[in-house]
Amino acid sequence: MTTETIYRSCPTCEASCGLVMEVDRAAKQVISIKGDPDNHRSRGYVCAKSQAFRYIYEDPERLTGPVKKVDGQWREIGWEEALAETAGRLADVRDQYGKDAIAMYYGNPNGHNFSTQIYTQMFITLLNTERFFSAGSVDQQPKNLSCELLYGNGWVFPIPDIDHSDFFVCMGGNPLVSQGSLMSAPDIESRLKALQQRGGKVVVIDPRRTETADIADQHLFIRPGTDAFALMAFVNELFATGRVSPGRLRDFTDGIERLQSLSAPYTPEAVAAITGIPAARLRQLVHDFCSAGAPVLYGRIGLCTQQFGTLASWLVDVVNILTGRLDARGGAMFPRPATAHNDPASAPPELGYNRWQSRARGFPEYMSMLPASLMAEEMELQGEHQVRALITVAGNPVLSVPNGKRIRAAMDKLDFIVAFDFYINETTSQADIILPSTTQLEHSNYDFLFTSTCVRNFAQYSPQVFEPPGGALEQYQILNEVTARMNGMSRADLEAMMLDGLIGQLQANAPELSHLSADDIKQRTAQHHGPERLLDIMLRAGPYGDKFGGDGLTLAQLKAMPHGIDLGPLEPRLPGLLATAKQRIDIAPAVITDDLPRLQAALAQGPGDKMLLIGRRHIRDMNSWLHNLNHYARGKNRCTLLINPQDASRLGLADAGRAKITSRVGAFEAEVTVSDSIMPGVVSLPHGFGHTYRDTQQTVATTLSPGISANDLVDDNEMDRPSGTSVVNGVPVDIAAA
Ligand SMILES: Nc1nc2c(c(=O)[nH]1)N[C@H]1C(S)=C(S)[C@@H](COP(=O)(O)OP(=O)(O)OC[C@H]3O[C@@H](n4cnc5c(=O)[nH]c(N)nc54)[C@H](O)[C@@H]3O)O[C@H]1N2
Ligand SMILES: Nc1nc2c(c(=O)[nH]1)N[C@H]1C(S)=C(S)[C@@H](COP(=O)(O)OP(=O)(O)OC[C@H]3O[C@@H](n4cnc5c(=O)[nH]c(N)nc54)[C@H](O)[C@@H]3O)O[C@H]1N2
Ligand code: SF4
Ligand SMILES: [Mo]
């Protein structure tokens, strides 16, 4: 046995920790995966999921070649047949019923795959369907919308500069478990402890006393879905106490005065009943925040996937701007990725919003997408614009999207479904054809997205570890094959289009490269192919790049740095980064403030008397898709209903007993965990479970950790209005002893 040492980053969550792997390439075996002590970002840290991509690779139930359903049975078929049939069936649907008869759903793991991300826009453009859905609308879409309106680019996120902060307020995020989201920071626990050792404080505002709250200096319970009230009161208090001080941000920020009148009704007293936060505690928080040396407010998924997702996500930035903490050291800062993908283009793009509407409910499109919560009703809609075909790409909407069982039932009625996935799970079992991509061990990768969400600038290349089996394709290759064939083109045509498109874009946006022709750039990057060539071009044209000649970063150089490159701390980037029309921030954009009457109406109505359901994540889960791995699925039941002792005794529930949970869309039983870590009036159930369908092929998931699907209780009617994001937190439910 000849072993080899390989360094790469972990592709399972945003933190992208550095790994050192011992492998036997000839036997295609992983011998060990450990934390890379020489990785400057993670310094040897890894979590339990560092082995996940190995176990996926080794899972005997993972598909390694295409399968087709024939008379209800799965049959292995060759790649040529699978690609030809998929493209043919999709083209038939398009030609007969129009392009919008094909719906598509894009899932979360695409965010961890460089080449797929790079080619996705072209794929979407060529497919051109108005029925494009993604996991983004069960996730960060309110933040996309708010950042697009504030900074001109929905993918330019302010990230807490946690390593230089001394007062970190965390709302609706549990980084100790999620490992940080829109805050890519390996070993966040040590970073937060370092903040405390510097004399700083961590404050968590969450309906559950989370693992992060356990190490925090202060925890405030908040009623689910009411962060926008609390943050409006924060803004109100800033004005009332003369603490509005945006500093240099004022030079390029408009609308601050408008905020004063908009926030006037939301005094700390006025919102106390609805949020559950006493006025004095909120005032104290504002005082402490403003008295700190380098405070920062951070909000994550609990603020996005709730009834006022856009308002709450926007208000996080509003507070950071009003207190001068945006783009300031220790505040909320903008990373500078080596690929320059968040730099403003020379011509500001149009806001992609409300250019078309969903057919059933007239809901506005955003970023070419419709809300995932509308998937079922759009598929059910009969008549002229009926959906006839569905493409899912690395997604499991039956478990991940509200009212998933309705989505599954709607899928049953379609003419054709293709799933780009390597499992036969709750969603893909409904497909006609499944096209499995190579796994993360079988292709190279670059942490693309997470270099624009990191707490310190970096670049890391992850080499391919094993040759894939003959004929196996990477995800982007499968996507390209299918799209090319649907349009009478070849994969090579599409790759050439991508290359020319990227070079054209660079030439339009980078005057310093004007001395180079497209051919010059092609010639100088010819040693790389496919997505790696695109990566080389982006790195070389980027802020740290060699500009295709001088000194600076190239892909070859990056490959020679197996532990990744430290590109330094986050540095101020405003106003240069702004892609808004006049490079100014409109702090109170109408698309968002138009939603304030809805907030006002809810305040007038006051808190309801229903129990509210929220989610929770566990360190050994990753949404729905690690449950077929014995190492992660085994152990104590994690899919339990968390309930406060007060509520439990009122309802006659005992720890480890069973409760019935009823919502507008479903009724299920679950095991109960009684704990005072959850706020009275609130219950919590994790998502990603519900491995109970008989037609899947995930034996470990269905036997070891079936659980119930929280999304069979989440109401698909309820969405954040401006962004269309699903309300998976704060779902009204009735609880009773089962
Ligand atoms: N109630 C509730 N619902 C939620 C959430 C919540 O907090 N509460 N969170 C939401 C969030 S944040 C997200 S991101 C979504 C996730 O929603 P999805 O992305 O739809 O769901 P996942 O469970 O991540 O499913 C991933 C799928 O991709 C497949 N897969 C994994 N890796 C690869 C790969 O490399 N190639 C291919 N082709 N397939 C692959 C897996 O087999 C699985 O089928 O769920 C959302 N749903
Ligand atoms: N182990 C593990 N890690 C993961 C994932 C996973 O499934 N498992 N998923 C990954 C993905 S796709 C994502 S997007 C990230 C998400 O990363 P995080 O946002 O950190 O995820 P959560 O742990 O769900 O934290 C959300 C918190 O919001 C709280 N919350 C719920 N409703 C409200 C509310 O109305 N107001 C406030 N203030 N808080 C509320 C919840 O109690 C919870 O503590 O995690 C990623 N990392
Ligand atoms: S924290 Fe995330 S990136 Fe780091 S080892 Fe765990 S799963 Fe992998
Ligand atoms: Mo997510």
Side-chain angles (χ1 to χ4, degrees), residues 9-19 33-35 39 41-42 45-53 56 59 62-63 105-113 116 133-141 175 177-182 184-188 300-302 304-305 372 392-402 404 419-428 434-443 445 447 450 474-475 478-479 613-617 619-628 684-689 698 709-714 725-729 731:
S9 72
C10 172
T12 302
C13 88
E14 269 189 42
S16 313
C17 301
L19 304 177
I33 302 179
K34 296 195 176 111
N39 184 289
R41 301 176 63 243
S42 52
Y45 172 83
V46 282
C47 84
K49 291 185 302 304
S50 60
Q51 313 296 313
F53 70 126
I56 290 273
D59 188 346
R62 175 174 65 84
L63 300 175
Y105 174 86
Y106 242 64
N108 168 276
N110 294 305
H112 296 266
N113 185 323
T116 303
F133 306 89
S134 89
S137 51
V138 201
D139 190 344
Q140 82 295 333
Q141 209 141 283
V177 167
S178 69
Q179 304 290 317
S181 181
L182 299 187
S184 310
D187 196 7
I188 188 91
R300 193 46 196 104
I301 201 164
C304 288
T305 49
T392 67
V393 186
N396 190 4
V398 170
L399 295 193
S400 296
V401 172
F420 293 71
D421 210 294
F422 42 49
Y423 275 118
I424 301 179
N425 64 20
E426 299 73 17
T427 299
T428 63
I434 305 178
L435 303 175
S437 65
T438 49
T439 73
Q440 292 279 1
L441 282 170
E442 298 161 319
H443 56 77
N445 200 22
D447 304 303
F450 310 126
E474 291 186 39
Q475 180 95 320
I478 309 177
L479 288 167
L613 174 72
I614 62 168
R616 76 179 182 272
R617 287 178 154 77
I619 192 77
R620 299 173 84 81
D621 296 321
M622 179 51 71
N623 300 316
S624 75
W625 65 279
L626 299 186
H627 292 153
N628 206 46
S684 161
L685 190 69
H687 74 287
F689 290 89
Q698 292 197 300
S709 175
N711 281 314
D712 284 342
L713 289 159
V714 177
T725 302
S726 308
V727 179
V728 305
N729 285 298
V731 180

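Atoms within each ligand, like the ligands themselves, are counted from 1 in listed order.
- Residue, atom and distance of the protein heavy atom nearest to atom 1 (N) of ligand 1 are Asn711 OD1, 3.0 Å.
- Distance alone, capped at 3.5 Å, places no donor-acceptor pair between the Thr392 side chain and the Tyr105 backbone.
- Under the 3.5 Å distance criterion, the side-chain polar atoms of Thr427 are matched with a main-chain donor or acceptor of Val398.
- Between His112 and Phe450, the two ring planes are tilted [angle within 30° to 60°].
- For the 3.5 Å distance criterion, the side chains of Asn110 and Gln475 qualify, holding a donor opposite an acceptor.
- For the pair Tyr423/His627, no side-chain contact is recorded, criterion being any heavy-atom separation below 4.5 Å from C-beta on.
- Below 4.0 Å from some heavy atom of Gln475 lie the following atoms of ligand 1, by number and element: 38 (N).
- In this structure, the protein non-hydrogen atom closest to atom 2 (C) of ligand 1 is His687 CB, 3.4 Å.
- Atoms of ligand 1 lying under 4.0 Å from any heavy atom of Asn396, numbered from 1 in the order shown and given with element: 18 (P), 20 (O), 21 (O), 25 (O), 44 (O).
- Residue Ser437 places a heavy atom less than 4.0 Å from ligand 1.
- With Ser137 contributing its side chain and Ala135 its backbone, the two residues share no donor-acceptor pair below 3.5 Å.
- The side-chain heavy atoms of Asn425 and Trp625, taken from C-beta on, include no pair separated by under 4.5 Å.
- Note: no N/O pair closer than 3.5 Å links Ala710 and ligand 1 by distance alone.
- Atoms of ligand 1 lying under 4.0 Å from any heavy atom of Ile301, numbered from 1 in the order shown and given with element: 12 (S).
- A heavy-atom distance below 4.5 Å is not found between the side chains of Val46 and Lys34.
- The closest approach between a heavy atom of Ser624 and any atom of ligand 1 is below 4.0 Å.
- In this structure, atom 7 (O) of ligand 1 lies nearest to the protein heavy atom Arg617 NH1, 3.2 Å.
- Remark: the backbone N or O of Gly615 is paired with a side-chain donor or acceptor of Ser684 at under 3.5 angstrom.
- Applying the 4.0 Å criterion to heavy atoms of Gly107 picks out, from ligand 1, the atoms 19 (O).
- In the candidate list Asp139, Asn623, Asn110, Leu685, Asn623 is nearest to atom 16 (C) of ligand 1, counting heavy atoms.
- Under the 4.0 angstrom criterion for non-hydrogen atoms, Tyr105 is in contact with ligand 1.
- Of all the heavy atoms of Asp421, the ones lying under 4.0 Å from any atom of ligand 1 are found in both the backbone and the side chain.
- Contact annotation for Ser400 and ligand 1: heavy atoms of both the backbone and the side chain come within less than 4.0 Å of the ligand.
- With a 4.0 Å cut-off on non-hydrogen atoms, Met622 does not touch ligand 1 at all.
- Gln440 does not count as a contact of ligand 1, since none of its heavy atoms falls under 4.0 Å from the ligand.
- With ligand atoms numbered from 1 in the order given, ligand 3 contributes 3 (S) to contacts under 4.0 Å with heavy atoms of Ser16.
- Nearest-heavy-atom check against atom 11 (C) of ligand 1 across Thr427, Ile434, Val138 picks out Val138.
- Distance from atom 34 (C) of ligand 1 to its nearest protein heavy atom, with residue and atom name: Phe422 CE2, 3.4 Å.
- Formation of a donor-acceptor pair under 3.5 Å by the Thr439 side chain with backbone atoms of Leu441 is found in this model.
- Within the 4.0 Å heavy-atom criterion, the part of Pro109 lying near ligand 1 is the side chain and not the backbone.
- With Glu426 contributing its side chain and Asn396 its backbone, the two residues share no donor-acceptor pair below 3.5 Å.
- Listed by chain and number, the protein N, O or S atoms at a distance under 2.8 Å from atom 6 (Fe) of ligand 3 are Cys47 SG.
- In this structure, the side chains of Leu626 and Arg620 stay at 4.5 Å or more apart for every pair of heavy atoms.
- Contacts between Asn425 and ligand 1 below 4.0 angstrom, taking non-hydrogen atoms only, involve the side chain exclusively.
- Side-chain contact between Ile434 and Leu63 is present, with at least one heavy-atom pair separated by less than 4.5 Å.
- Residue-level proximity to ligand 1 for Val728 is carried by the side chain, the only part with a heavy atom below 4.0 angstrom.
- Counting only distance, with no hydrogens or angles, the side chain of Asn711 and the backbone of Leu399 share a donor-acceptor pair below 3.5 Å.
- A distance-only check finds a donor-acceptor pair linking the side chain of Arg41 to the backbone of Ser16 [under 3.5 Å].
- Side-chain atoms of Arg617 and His687, non-hydrogen and from C-beta on, do get closer than 4.5 Å to each other.
- The closest donor-acceptor contact from the side chain of Ser42 to the backbone of Gly18 lies under 3.5 Å.
- If you look at Ser42 next to ligand 3, there are no close heavy atoms at all, none under 4.0 Å.
- Residues Ile619 and Lys49 meet the side-chain proximity criterion, which asks for heavy atoms closer than 4.5 Å.
- When non-hydrogen atoms are compared, ligand 1 lies under 4.0 Å from neither the backbone nor the side chain of Gln140.
- At least one donor-acceptor pair under 3.5 Å links the side chain of Ser50 to the backbone N or O of Cys47.
- Ranking the protein heavy atoms by distance from atom 15 (C) of ligand 1 puts Ala135 CB, 4.0 Å first.
- Among all non-hydrogen protein atoms, the one lying nearest atom 28 (O) of ligand 1 is Ala394 C, 3.2 Å.
- The protein heavy-atom contact nearest to atom 24 (O) of ligand 1 is Trp625 CD1, 3.3 Å.
- Among protein heavy atoms, atom 19 (O) of ligand 1 sits closest to Asn108 N, 2.6 Å.
- Residue contacts with ligand 1 leave out Asn113, since none of its heavy atoms falls under 4.0 Å from the ligand.
- Between Pro175 and Arg300, the closest side-chain pair of non-hydrogen atoms is not below 4.5 Å.
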